[in-house]
Every structure is written in structure tokens, then in C-alpha cells.
Amino acid sequence: MNEHSHTDEALDSARRRTLAAASARIVVSRELTFEMPAMPQRRRGGLLRPLMRVGKAAGKRLWRRALRDFDFRRQEGEGVIDLAQRRYMLDYGHYARLFADGREWDGRSGRLLSTLPPDTDALPTPLWLLDLLVGITETRDADTEEVRGT
């Protein structure tokens, strides 16, 4: 048995066990990496300049205090996926997502589902990622790369 067939068997075994499971606990991490374009600098003269500088600094302090250590660029949700019913629920702490019956809702954690309209934006879902496993017919070892400690 060569190294490739061992990897093929391990991946195929994991794929079969995952797809055969009724449900599973999941963690979904999302990294949003983008940079805002630089804002054009406009010079304002007179007495407004120092007042605007103080107001801007105070606003930044209030914003940081209100958000504490929340990072908009990194999101991690924990939840449950029901493979048989093709539905899932993820809680990101400040908001949650629910997918059932082909529709998805998101909103503040703990909010009643009846108060939320279904989401119309189609985002990749944990179900989509698992559906990719169905199409795997062959695997091979490739270089590995550590990303953020994983």
C-alpha cells in the first residue's frame, strides 16, 4: 500500500462517515480580508479644524469602547448541522443564522424567527461544503501550508 492509497482510504472513510451521520456539531470560521481605499484629504480652515480633530478622536474612542474586542474581519460561529434534513444553525455570539426548508434567516441571537424575513442573498453554506465531498473521486497528497496555526 503506497502513501497515496492510504490518504485516499482515510479521506474516503471520513467522507462516508460524515455523509452517513444524522447530525454533527460544527464550527465555521470566516476571514474577510479587504482594505478600504484611502479617503481624500480635504483641508478645512479656520476654527473648525481643531474642533473636528477633537470630535473625531472622541468618536473613535467611543466606537472602540462600544465594540470592545470585536473584529468585523473574523467571524466564528458554532452550531449544529442536520444532514438528513439539510438544515443548520450557527451562533456567532452577537447574531445567529438558521437554514431550513431551502431558506436562510439571520439576526440577533435569541430573536424570534417569526420577526425575521428570509435572507435573499445566497452565501456558501456548510451544506455546500459537505456537498463537495460527494463529488470526490480521487485524492493525492500535495504540499501543506500552515495558516494561522492550523
Side-chain angles (χ1 to χ4, degrees), residues 1-41 52-150:
M1 176 183 286
N2 65 32
E3 187 177 332
H4 292 293
S5 63
H6 177 67
T7 303
D8 289 348
E9 288 174 18
L11 184 61
D12 187 53
S13 173
R15 179 183 64 85
R16 280 187 272 114
R17 286 192 320 271
T18 300
L19 296 174
S23 64
R25 294 197 49 75
I26 58 173
V27 174
V28 174
S29 296
R30 219 180 254 178
E31 287 281 332
L32 306 171
T33 53
F34 60 90
E35 289 187 29
M36 295 295 289
M39 295 294 289
Q41 296 294 323
M52 288 175 54
R53 209 175 284 144
V54 169
K56 187 176 179 180
K60 280 185 178 180
R61 279 194 300 277
L62 285 171
W63 184 254
R64 278 191 221 119
R65 181 177 288 166
L67 295 178
R68 308 256 186 251
D69 294 324
F70 183 74
D71 185 359
F72 287 101
R73 295 167 298 176
R74 178 160 175 67
Q75 300 174 350
E76 188 167 291
E78 296 182 26
V80 176
I81 189 166
D82 179 345
L83 297 163
Q85 298 291 319
R86 295 198 52 80
R87 58 187 178 180
Y88 65 86
M89 189 286 307
L90 288 167
D91 189 353
Y92 289 88
H94 58 288
Y95 80 100
R97 299 180 73 85
L98 172 75
F99 179 86
D101 301 323
R103 296 182 297 175
E104 186 171 44
W105 295 267
D106 65 353
R108 190 180 68 246
S109 297
R111 192 167 161 192
L112 292 174
L113 188 60
S114 61
T115 66
L116 297 170
D119 215 356
T120 57
D121 296 333
L123 296 173
T125 69
L127 291 167
W128 173 78
L129 294 171
L130 290 172
D131 289 344
L132 291 176
L133 292 175
V134 175
I136 294 175
T137 58
E138 182 181 334
T139 63
R140 63 181 169 85
D141 284 328
D143 292 336
T144 60
E145 179 182 343
E146 186 173 310
V147 177
R148 288 178 294 285
T150 302

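What you see is a predicted model; the values in this text were computed from it and never measured. In this chain, numbering begins with 1 at the start of the sequence shown.
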Query raised in the report: What is the distance from atom CZ of Arg61 to atom NZ of Lys56, rounded to the nearest 0.5 Å?
Result: 13.0 Å
Query - With Arg86 via salt bridge (Lys or Arg N to Asp or Glu O under 4.0 Å) - residues at least two apart - result: Asp131
Query raised in the report: Please, which pairs that meet ring-ring contact (aromatic ring centres under 6.0 Å, His included) have at least one residue in residues 98-118, sequence neighbours excluded?
Result: Tyr88-Phe99
Report summary line: Only residue of Leu113, Leu90, Leu116 satisfying side-chain contact (heavy atoms from CB on, under 4.5 Å) with Leu98 is Leu113
Query raised in the report: Is Arg97 close to Asp119 at the side-chain level, that is, under 4.5 Å between some pair of heavy atoms?
Result: yes
Query raised in the report: At their closest point, which heavy atom of Ser109 faces which heavy atom of Gly93, and how far apart are they?
Result: OG-O, 3.5 Å
Query - Closest non-hydrogen atom pair, Pro126 against Ile81 - result: CB-CD1, 3.9 Å
Requested in this report: Considering non-hydrogen atoms only, spot the tightest contact between Val80 and Ser23 and give its length.
Outcome: CG1-CB, 4.5 Å
Query raised in the report: Where do Arg87 and Ala100 come nearest, in terms of heavy atoms and distance?
Result: CB-CA, 3.9 Å
Query raised in the report: What are the two closest heavy atoms between Gln75 and Tyr95, and how far apart are they?
Result: OE1-OH, 3.4 Å
Query raised in the report: Can you name the side chain to side chain contact (heavy atoms under 4.5 Å, CB included) partners of Ser114, sequence neighbours left out?
Result: Leu112
